[in-house]
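These numbers come from the heavy atoms of this one structure, side chains and all, not from hydrogens, waters or symmetry mates. A, B, ... follow the sequence lines: proteins, then strands. Residue 1 opens every chain.
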Amino acid sequence: MRGYVRPGNSQPAWLFPFVVIIVLILSVLPLARLAMTGIVSLAHGGVGAVLSDPALWQATYYTLVTAILGTLISLAIGCAFAFLLTLTDISSKGALSFLFVLPMMIPPQVTALAWVQMSGPSSPLLKALHIAPPLGSPQPLYSVGGISLLYGVQHAPLVYLALRAGLMALPRDGVEAARLSGAGSLRVFRDIILPLSLPGIIAGAAISFVSCTGNFGIPAILGIPASIYTLPTLIFTKFSAFTSRTFGDVAVLSVLIAMIAAAGLAIQERALRGRDYRVLGLSGATAAFELGHWKFLLQPLLWVCIFFMLVAPFFALLAGALVPAYGVPLTFKTMSVSAFYEILFRQAVTRTAFVNSLSLAAGTALCLLLVTVLTAYALTRRKDLLGRIVSSLIEIPYSLPGIVMAVCFILVFAAPLPILHVTLYGTIWIILIAYLSSFFAVSLKPVVSAFHQLDPALEEAARLSGAGFFRRLADIIVPLIAPAAGASVILVFLIACNELTISALLWSAGTQTLGVAIYNLDDSGSSDLASALSVLVVLMVVFMMLLMELMAKRLPRGVVPWRN
Amino acid sequence: MAELILNHLAKDFGTGRAAVADFSLKVPHGGFLALLGPSGCGKTTVLRMIAGFEAPTDGSIHLGERLLADASRSLPPERRNMAMVFQSYALWPHMSVADNVGYPLKVRGISGEAYRQKVREALATVRLGDHAERRPADLSGGQRQRVALARCLVSSPDVVLLDEPLANLDRHLKQEMEETFREFHQRSGATMVYVTHDQSEAMALATDVAVMSEGRLLQAAPPAEIYARPEGRLVGGLIGRGAILSLSSPAGDIRPLDWSVLEQMFSCEASHGPKVDVLVRQEDVLIAGEGIPARVDSILYEGERYAVKLLLGDGQVLRAFNRERLRVGESVRVIARAAWRL
Amino acid sequence: MAELILNHLAKDFGTGRAAVADFSLKVPHGGFLALLGPSGCGKTTVLRMIAGFEAPTDGSIHLGERLLADASRSLPPERRNMAMVFQSYALWPHMSVADNVGYPLKVRGISGEAYRQKVREALATVRLGDHAERRPADLSGGQRQRVALARCLVSSPDVVLLDEPLANLDRHLKQEMEETFREFHQRSGATMVYVTHDQSEAMALATDVAVMSEGRLLQAAPPAEIYARPEGRLVGGLIGRGAILSLSSPAGDIRPLDWSVLEQMFSCEASHGPKVDVLVRQEDVLIAGEGIPARVDSILYEGERYAVKLLLGDGQVLRAFNRERLRVGESVRVIARAAWRL
Amino acid sequence: ANLVLYTSQPNEDAQATVDGFMAANPDVKVDWVRDGTPKIIAKLQAEIEAGNPVADVLLIADTVTLERLKEAGKLLAYKSPEAASYDASLYDADGYYYSTKLITTGIVYNTSATFKPTSWKDLTKAEAKGLVTMPSPLTSGAALIHAQTLVGVDGLGWDFYKDLAANGATAAGGNGAVLKSVASGEKAFGMIVDYMPIREKAKGAPVEFVFPIEGVSAVTEPVGILASSKNADAAKKFVDYVLSEKGQEGFLKLGYIPARNGMKLPEGFPARDSIKVLPINAAQALKTTDQDLKTFSGIYGSN
Ligand SMILES: Nc1ncnc2c1ncn2[C@@H]1O[C@H](COP(=O)(O)OP(=O)(O)OP(=O)(O)O)[C@@H](O)[C@H]1O
Ligand SMILES: Nc1ncnc2c1ncn2[C@@H]1O[C@H](COP(=O)(O)OP(=O)(O)OP(=O)(O)O)[C@@H](O)[C@H]1O
Ligand SMILES: [Mg+2]
Ligand SMILES: [Mg+2]
């Protein structure tokens, strides 16, 4: 009986097993290896000690609170931008959305420091306004609120990108029907647009939440001075005082983080369950709202956001690159471009780091796109427990701090692979695999939510045309979810470009990445060089985005997120 | 509520040809206008402009004294108190059937028992009482269309716009729904604009029929009038069934022609005098023992009767109905009881 | 290519009532089956099972010797070489009209001039030659439907499934498209299954008509047969127009009844003997000076004629056509040329 | 295979050290990996756990860490002939590790500060209220050693840290963060490792470094060979090199205080005998590390 399939199933028989194997390699293997090590190291007792440590529960509490608050803030900012820039007639949309994606390229530590300086006693902004607090007054950002705020700012572009794709699939006539029913713009927004874009919003919230639980940079800078420890910073301190129990402690902490992430995922599942978001009939015409005089309020507001999220930190970076040392005031006399000169023409490491990071980021984004489309396809057509387990397994690596994932991968790959007898450790490939594992969730989210909105008839028509699985994937499904796929690629690319901890632990001579290079420069006191390199990275990303802009005409509609 | 006035309305999507051009029409208060025309002629576009989804590129729309839209400004759809059945239904996939139908009420602040009562009634009228909790995705095509219908009629709109609202319903339901429209129209006094391809629907329901083609209004008149006295080849060809013949002009300028005149015209030599277009309705052609000779070109079974395509001696086509099956190629003689000079 | 066999087919969506139940039917090789039935009766579901989008919960589908699907396995749609016009069109919004139409060819590896030629032809048949580069979103409803049609007919499928393919077209286009179907059917010899609500369409095109209701097959027969000899009230009511009367049983069990028999039946006292259902077609009722008395209950203008609803003395309804307008309430006498005992 | 060095020295310093070594030993090639101490240790431990440690030689922050590795049996004992020129307190008696330089932790202040601190206690003065910052022992190895050292000094102890906390001092990130906030004027005073402010001052930053009168703590960037090394011979050469006069001069040039006796001091430092280095017992410190960290976060958890 060749060629027959189980009834009611549009996926080839191999697809789900294939997804399971991918997840086994990328998630289960490294996590299980850490769990094993953890169990061994705790074999002589000590679980009790870890679990009864009040610091642990304190950290869990702070992780939860900051992650939830941070998610809410990033949802607020990201949704506002997504809705305004996708659905309304606000002007300079292109520029705004172009700029809104960029903050992801500024390392969180830089943003955090820039904000600390902006809001602290030496803030040029506050000084100019004569409201600078006196020297020595407590820094308001060193608090749960500060951490959450920065989480929000850092992750808002994630929400924006995840949501935008869904908004583009909103059927115009559904909105029109609601308006004709007498619903004003706000009402239509609440009753029709919001519920219909729920898959996108929830996807964005989930990415943001999971990012928050795994973030190290922001709580390290803003939390530690106020003794606010989150689970990632706590894990870091465990590593800094290494004992025989450390792996056990880290495993326990990781399980906690994983549980928080899985709980988030469960909430997400619940919120989406039993609903139907398939856009019936023809999509292709997108909804549009006229803002009227609200424009005059909202437009400047968006620019203010951009200022705080992008311009201010970027100028902090730029200023740092132009002065020879910290604390030297930036004047025409002190200003020098020698840092740029040094980075561009003297440091050999710069070029390798650029090449490594770009190829790693591009490789990760593209590999993940492929895997993601297949996985999302398999998962949205499968509603059973196994499917849910697989999706949580995909989620966990991204929710863990980079240092944990890096350790997992060292544990798995430091020894030569069995049978093949090759050692991946120390090559660029292990970083690639670790990236694939870590960013799988980021890449998956927008694509899954796009699949939720797809009218199945469109695929059915292709099947009846005789298109086999890969054929219709390439011709119909991928172009239909193009905005989501584009968002996914860009998200992963930007995050991977900037990645630090994983590559820091997995790198070796010749495979250092931009994140590592910047960190090392900064760590060794050459903050001017570090800033210069950061500025160059941002400029490079801008340049590449402009290149995409040029290519945009040949790409399916909606792929490039700053074009309408 | 007042007269709906379309004033030199035009819409150009920038595709090189205007979708609607110079469209002027008045629908009296409480009127029921049927809009007919070939596919792609701009009917939906006219409705969308009335509803306020498209801004006219030229001209204006008034409801009584009130300006609804012109090229520079436009009242938003939610302030027009209209209702519409969309050609694509435009149901909200995240709401149940009952919620879809009840939404216009909810927006108007109706709730509680009054709300439930109205929704129940509306669903009962479209025979979907027991599908209230389903999702639109789980409905058949006709059921979706009925949900859209129920949603359109549930509130008390001033103007109701119907874009082929019965296209996917079977004959029985269609008749029932026509009855519902008639009742709704009488009860509410709303002005209705109805796009359809089914002429018997249009004729049965409308107080006025407007025929358009390629974005332009060709003729607007009450149904019996437009059927009996169509203006021009296009309207003649579009309304009703029949054949347009090119015959030599009869004496005088009388337009309704009877068999005596027609017989003369048929018998005239082809070269004689100027030609005029004459519309001969299919039901007026009788296959009888007498009259002019013709050959059966093709027949089509329609259940009730056969539609017969006849070829006249000079190669022109004539159409007739016949209760009996004729043989293709058979020679017959036909008379035309009546005809209309276009 | 071979016979399409539906064998005790059933589909239950778990909504409490089966969408299709115990549906058995054979469509001969090269046959043209019209599937009629009220909205929501399961027509689309049958098509979707034939195409392979839904798995039957019971029964099986064969194409000749080849099993297409049963409850446990199913040949995927892409290996069935069928084509379908979806009720919702299912056009791909990211492709131009030409790409939409050409996709089945592309998948089959046809390219170059042959490809362009075929696409051009298909678009020309549906009168969309000059819309080739548009996006589906920029088309009118009828134009979208025509794109779906062109896509369906462009390749050489073994089985063609048409789900109300002409619902949104005007009468002229509809006729042209019917012509196209007929031609395509003759040329390709494909087996066609055609869902429609328009009976004259069904009668004109089909070699067989199947009538279903609530998921079950009621009757399948050639058009003339099903029109002349419907089985049971449901089919009698669904096919054609007319009225079903409950009259006292005539002598014998002859089913076609003529006026002489009918007159007797009408004149019998209501209490006499057992009742039978008698279908009186609307076109068979003549309003004449003679016959049984009736009162005009309502009239409906249809252009060509008026549809008249008559009330008999005992309150039963009879329907007739009339060329002239009658007054509501007027008393008339009618005869019925023929009738059919159901 | 090449000799693999794991180090926590800054990039340029590591490169200079390796270059110097390779110039002296042209037959040995060195691959080096640098990162912060916690990360490099996490990496090393994970490799050990996986059964394939890659590193041969470690050159990292403090003796406490190497003491821990020694106790876990991960280090190779090697008696370097150069040890003779070193103070006995600067290397392990069994030869498991040798200190290579002294990185002291003292006080940095912004030149616009209201007074010049000379003693640790000055940081608890009212004029310094809310203006003091220090690296957190939880992120910086040197800061941990520093705390453990100061706690052992008579008259300072944990009470000193409590007074600091009461005076509004913060414990933030690493040494880099302290430098940034003092240099930018956000804070006026900080505890910091010596070379950072001295280098920045040379570049023009408005900071000044002082060696407090009570003395300074020091980390000594010890070098050690891993027991699992497959290049033990080359590793021994490396150890000999960094301890040799030539190797020590390299550190001197980079701006560090060499550990070897009789060496000069780098530019910008006061005379060697004016710097009082407070002693620390590595083995003892190791035992109390956990407790010390808890005590510390106990104090700074309440502000
Ligand atoms: N996915 C589904 N889930 C549950 N019920 C369904 C689903 N699809 C269809 N149905 C139900 O099955 C019945 C048959 O539906 P189907 O679409 O086959 O009707 P149809 O004969 O094509 O009607 P129409 O002429 O209105 O298109 C309907 O009552 C419909 O509500
Ligand atoms: N958004 C659009 N952009 C460009 N052209 C459009 C757009 N919408 C409609 N058109 C074109 O305008 C013309 C009129 O379209 P409209 O939808 O009004 O036709 P219609 O009379 O409703 O036809 P149908 O009976 O097929 O629904 C068509 O030729 C169509 O292709
Ligand atoms: Mg239309
Ligand atoms: Mg259907």
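- Looking at residues two or more places apart in sequence or on another chain, you find a side chain to side chain contact (heavy atoms under 4.5 Å, CB included) between B:Ala150 and B:Val101, B:Ala122, B:Val126.
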So A:Ser92 and A:Gln299, side-chain hydrogen bond (donor to acceptor under 3.5 Å, both in side chains) or not? Walk me through it. CA-CA 9 Å; A:Ser92 52; A:Gln299 181 103 18; 2.9 Å; yes
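- Under the rule for a salt bridge (Lys or Arg N to Asp or Glu O under 4.0 Å), B:Arg80 has no partner lying at least two apart in sequence or in another chain.
- Defined by atom type and a distance below 3.5 Å, a donor-acceptor pair is missing between the side-chain atoms of B:Tyr89 and B:Asp163.
- Taking the six-membered ring for Trp and the full ring otherwise, B:Phe32 and B:Phe181 have centroids separated by 6.0 Å or more.
- Of residues 44-52 of chain B, those residues lying under 4.5 Å from chain A by any heavy-atom pair are B:Arg48, B:Ala51.
- Using a 4.5 Å cut-off between heavy atoms, B:Arg151 contacts chain A through its side chain alone, with no backbone atom that close.
- Sorted by first then second residue, the ring-ring contact (aromatic ring centres under 6.0 Å, His included) pairs that include residues 36-70 of chain B, not counting sequence neighbours, are B:Phe53-B:Phe86.
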